[in-house]
Number of protein chains: 2
Amino acid sequence: MAATIFDVAQHAGVSIGTVSRVFNNRDRVHPETRERVLRAIRELNYQPNALARGLASQQTDTLGLVIPQVNDPFFFEIVRGVEDAASAAGYNLLIASQPRQPGEHSYLRLFHRGHVDAMVLVAIDVLAHEVQAIIDRGVPIVLVQQDVGRNIPTFLADNYYGARTLIEHLVDVHGYRRVAFISGTDYTPDSRERLRGLRDVLAERGLDLPAAYITHGDYLRGSGYRAMQKLLDLPARPEAVFAANDQMAADAIIAAQARGLSVPDDVAVVGFDDVPMASYVSPPLTTVSQPVYELGWQAARLALEASREDAGARPITPRMVQLPTTLVVRRSCGCAG
Amino acid sequence: MAATIFDVAQHAGVSIGTVSRVFNNRDRVHPETRERVLRAIRELNYQPNALARGLASQQTDTLGLVIPQVNDPFFFEIVRGVEDAASAAGYNLLIASQPRQPGEHSYLRLFHRGHVDAMVLVAIDVLAHEVQAIIDRGVPIVLVQQDVGRNIPTFLADNYYGARTLIEHLVDVHGYRRVAFISGTDYTPDSRERLRGLRDVLAERGLDLPAAYITHGDYLRGSGYRAMQKLLDLPARPEAVFAANDQMAADAIIAAQARGLSVPDDVAVVGFDDVPMASYVSPPLTTVSQPVYELGWQAARLALEASREDAGARPITPRMVQLPTTLVVRRSCGCAG
DNA sequence: TGATACGATAAAAGCGTTTACAGCGCCGCA
DNA sequence: TGCGGCGCTGTAAACGCTTTTATCGTATCA
């Protein structure tokens with residue numbers, strides 16, 4: 001088996017308490033003793049057992065991350081941000097997927113079993129009072145791409161402003177007046193906020209947004225195709241279609257082209273997210289870039305900081321942070337390459 | 001704080017030993033007592049502390065997963081497979097990235113600190129003897145998209161056969177005779193195997209593969225573009241280009257189109273992996289589909305099984321498993337839509 | 001020179017489980 | 001009636017750490 005603290009203590013001729021003090025730089029230890037202990041640690045390749053350490057110190061040096069069970073590069077990018085922040089802080093990362101059956105909440109289990117010091121929940125359908133209860137018991141939780149109010153810290157891209165900029169481009173630059181929407185799922189705020197951006201820009205210019213122009217997708221492959229078909233069947237075909245993410249926008253383009261329509265000449269299509277695929281579809285997608293990696297990174301940072309300041313007087317942490325989005329103009333809106 | 005086993009014992013009027021027996025279904029407990037304990041567990045919402053449990057039982061119910069620090073949807077798909085297998089078996093998933101500096105090996109730390117019962121290493125640059133040592137100490141390790149011999153279990157897609165099928169399609173169906181290659185990184189076997197497939201098919205047909213036709217990429221965005229430029233500068237321009245993954249193939253297409261060349265009329269381009277993007281680029285990519293999710297899933301299953309059979313006489317586990325690949329014909333090879 | 005304080009270390013008490021072992025009541029059998 | 005065995009449950013020792021408390025020299029001061 002691996003060397004334990006006892007082995008090191010024996011090897012260095014000290015007690016285990018001293019080894020612990022040296023390893024954690026706690027209290028003062030005579031320089032000479034410290035040197036002996038360090039040598040023993042090196043010689044035995046000692047690494048403290050994480051479980052024992054967690055049990056004794058009541059902290060696990062582990063960050064919990066819960067993500068939806070969906071294959072979207074968007075989430076992977078968040079995972080990368082979270083992972084980087086965690087490992088930079090010397091934390092491990094424990095990942096759980098939101099289970100399929102809606103009743104079960106895996107983040108509760110992570111908490112109850114004492115696995116983690118803090119949690120980041122990405123686009124997860126949470127129970128606000130449960131989350132609040134966990135935070136109150138000393139395990140900080142930060143939400144990403146989700147907002148349930150109640151003073152629970154939240155990191156979001158500025159979906160509303162991003163959508164506004166995008167629609168303003170369509171309306172003010174290209175002069176489109178009939179703009180339709182393909183929504184995503186509804187339990188996180190992003191699709192709603194993007195729709196609100198669309199709605200407001202149109203309203204401010206006195207343009208109409210008929211109910212039939214709002215179709216429903218689920219962010220996943222295929223749903224954009226079906227929604228686009230419905231829109232193209234409409235008597236008053238939209239001049240531009242705003243899909244709530246790039247995947248659906250890419251599918252919408254395919255759907256239009258399958259009918260022999262040209263994008264953007266017959267109908268413009270724009271998306272949201274700026275995933276890698278966006279620049280490779282034809283025509284390349286005009287979309288809105290979100291700082292996804294950064295979102296994960298900052299959320300993880302906040303969660304970890306909160307877990308460490310737990311005892312002391314903690315500074316006021318932000319209730320909500322919106323990160324800026326950027327309009328990425330390519331060709332699917334009608335602009336020239 | 002959360003309820004402990006003591007609270008439950010007191011609440012049910014039994015000893016902690018009995019609570020533990022009930023919770024783990026070990027030994028026999030009087031039905032009536034069991035009922036009392038179960039009620040107490042329910043009423044207190046008791047969940048055993050994972051650390052204490054791991055410390056006492058010497059098993060953590062946690063699977064370690066190490067992936068390269070790269071943003072590739074390919075890896076995310078593997079993560080999903082591994083996660084599903086782990087959670088189906090009641091295991092948690094601890095994720096670590098291969099650190100940037102080549103000297104450090106995060107999987108060693110996971111092992112040494114007793115975090116995990118088993119590990120899956122994906123496309124990681126490992127030290128064979130270290131891995132062997134860990135396995136010998138009772139923590140099973142399974143490699144994915146990597147092979148270092150030494151009886152270390154390995155899951156791979158059948159890269160060689162996949163490449164063969166792809167090249168046979170180019171040569172035998174389309175009649176291309178000048179086929180070039182854009183390689184990936186070299187520390188995992190996949191790029192090498194794909195090149196071998198290309199080489200063998202050409203050789204069997206008496207076709208030449210000049211050294212200049214083998215260019216070097218790194219699987220990442222951008223490198224396919226540069227490699228393609230070199231190929232197009234060649235006096236004898238290749239008729240078809242085989243990129244070792246789809247990302248580079250997509251970039252190669254862009255590079256060709258930037259020169260006013262038509263794909264596939266002037267030069268055909270094919271890739272490998274069949275990532276989501278492949279069907280959206282223009283022309284849609286002919287490529288080879290790998291069972292990526294399945295790769296992760298099966299690797300995790302094997303690792304977990306091995307960790308549980310540890311004590312008993314374990315059946316012979318496979319040294320290497322190759323999963324089948326499928327040719328996906330789209331338009332970038334010259335086939336009609 | 002003897003009481004005092006202090007720096008350094010050892011000893012021991014948890015942390016919350018699992019599990020080996022002991023104990024107890026009761027039944028069946030000689 | 002006495003005793004071995006069995007079904008059930010309590011007790012206590014690990015597991016490998018952290019952290020509090022106790023101890024022991026040694027230097028300091030009156």
Side-chain angles (χ1 to χ4, degrees), chain A residues 1-38 40-41 44-62 92 111-117 138 308 311, chain B residues 1-38 40-41 44-62 92 111-117 137-138 311:
Chain A
M1 268 282 78
T4 73
I5 200 172
F6 284 92
D7 302 327
V8 176
Q10 192 171 2
H11 198 263
V14 298
S15 77
I16 62 167
T18 300
V19 176
S20 175
R21 275 184 291 264
V22 170
F23 202 95
N24 300 303
N25 274 320
R26 197 177 296 287
D27 304 331
R28 30 200 322 165
V29 176
H30 194 93
E32 200 175 289
T33 314
R34 167 184 304 276
E35 206 36 66
R36 269 215 322 284
V37 173
L38 286 176
I41 287 174
L44 299 179
N45 190 21
Y46 168 72
Q47 300 265 56
N49 179 290
L51 301 183
R53 200 178 214 191
L55 189 57
S57 66
Q58 299 291 65
Q59 79 163 46
T60 61
D61 288 353
T62 299
N92 291 105
F111 159 69
H112 270 123
R113 307 211 155 179
H115 270 298
V116 299
D117 292 345
R308 277 190 287 212
Chain B
M1 268 285 77
T4 74
I5 201 172
F6 285 93
D7 302 326
V8 176
Q10 192 171 1
H11 197 262
V14 298
S15 75
I16 60 166
T18 301
V19 175
S20 176
R21 275 184 291 263
V22 170
F23 202 96
N24 299 302
N25 274 320
R26 194 179 298 288
D27 305 331
R28 28 203 324 164
V29 176
H30 193 91
E32 200 175 289
T33 314
R34 167 183 304 276
E35 205 38 65
R36 271 215 323 283
V37 172
L38 286 176
I41 287 174
L44 299 180
N45 191 20
Y46 168 71
Q47 300 264 54
N49 180 290
L51 302 183
R53 201 177 213 192
L55 188 57
S57 66
Q58 299 290 66
Q59 79 163 52
T60 60
D61 288 352
T62 298
N92 291 106
F111 160 69
H112 271 123
R113 307 211 156 181
H115 271 297
V116 299
D117 293 345
R137 298 236 227 139

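Note that the structure is a prediction, hence the values are computed from the model and not measured. To find a chain, count down the sequence lines: A is the first, B the second, and so on, and within it residues start at 1.
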Check: So does B:Ser20 get a side-chain nitrogen or oxygen closer than 4.0 Å to the phosphate oxygens (OP1/OP2) of C:dT18?
Finding: yes

Check: Tell me: CZ of B:Phe6 to C1' of C:dC15, nearest whole Å?
Finding: 10 Å

Check: So, do A:Thr62 and A:His115 sit near enough that their side-chain heavy atoms are less than 4.5 Å apart?
Finding: no

Margin query: On the nucleotide D:dG10, are OP1 or OP2 found under 4.0 Å from the side-chain N or O atoms that B:Ser15 carries?
Written below: yes

Margin query: Treating A:Arg36 as the side-chain partner and A:Ala12 as the backbone partner, does any N or O pair qualify as donor plus acceptor under 3.5 Å?
Written below: yes

Next item on the list: Rounded to the nearest angstrom, tell me the gap between atom CD1 in B:Ile5 and atom C1' in C:dC15.
Entry: 13 Å

Next item on the list: Kindly indicate whether the side chain of A:Arg21 and the base of C:dA8 share any N or O donor-acceptor pair separated by less than 3.5 Å?
Entry: no

Next item on the list: Answer yes or no: is there a side-chain heavy-atom contact under 4.5 Å between B:Ser20 and B:Ile5?
Entry: yes

Checklist line | Rounded distance in Å - CG (B:Asn49) to C1' (C:dT18) | finding: 13 Å

Check: Of B:Ser57 and B:Arg34, whose closest DNA chain D nucleotide lies nearer the 5' terminus?
Finding: B:Arg34

Checklist line | Within-4.5 Å side-chain heavy-atom neighbours: A:Val37 and A:Arg34 | finding: no

Next item on the list: Specify the separation, in whole Å, of atom CZ of B:Phe23 and atom P of C:dT17.
Entry: 9 Å

Item checked: Listed nucleotide nearest any side-chain atom of A:His30, set C:dT17, C:dA10, C:dT9 -> C:dT9

Margin query: What contact category does B:Tyr46 fall into here, base, sugar-phosphate, or nothing, at under 4.0 angstrom with non-hydrogen atoms?
Written below: sugar-phosphate

Note to self: Does a side-chain N or O of A:Thr18 approach OP1 or OP2 of C:dA10 to a distance below 4.0 Å, or not?
What the structure shows: yes

Check: Between B:Asn25 (CG) and C:dT18 (C1'), how many Å, whole number?
Finding: 15 Å

Notebook entry, point to check: Quick one: which of D:dA12, C:dG16, D:dC17 gets closest to the side chain of B:Ile16?
Noted result: D:dA12

Check: How do B:Arg53 and A:Thr33 order along DNA chain C: which one's closest nucleotide is nearer the 5' end?
Finding: A:Thr33

Note to self: Quiz question: going by heavy-atom distance under 3.5 Å, is there a donor-acceptor pair between the base of C:dG16 and the side chain of A:Arg113?
What the structure shows: no

Check: Quick one: A:His115 NE2 to C:dC15 P, roughly how many Å, whole number?
Finding: 20 Å

Next item on the list: Between B:Arg26 and B:Leu55, name the one whose nearest nucleotide on DNA chain C is closer to the 5' end.
Entry: B:Leu55

Next item on the list: Go through the steps to decide whether A:Thr18 and A:Arg21 satisfy the test side-chain hydrogen bond (donor to acceptor under 3.5 Å, both in side chains), and finish with yes or no.
Entry: CA-CA 5 Å; A:Thr18 300; A:Arg21 275 184 291 264; 3.2 Å; yes

Margin query: For D:dT18 and A:Asn24 - does any side-chain N or O of the residue sit under 4.0 Å from the phosphate oxygens OP1/OP2?
Written below: yes

Notebook entry, point to check: Would you say the side chains of A:Asp61 and A:Gln59 form a donor-acceptor pair under 3.5 Å?
Noted result: yes

Margin query: Nearest whole Å is fine: how far is C:dT19 P from B:Asp27 CG?
Written below: 9 Å

Check: Is the phosphate of C:dC15, meaning OP1 or OP2, less than 4.0 Å from a side-chain N or O of A:Gln59?
Finding: no

Notebook entry, point to check: Roughly, in whole Å, what's the span from CG in A:Asp7 to C1' in D:dC17?
Noted result: 13 Å

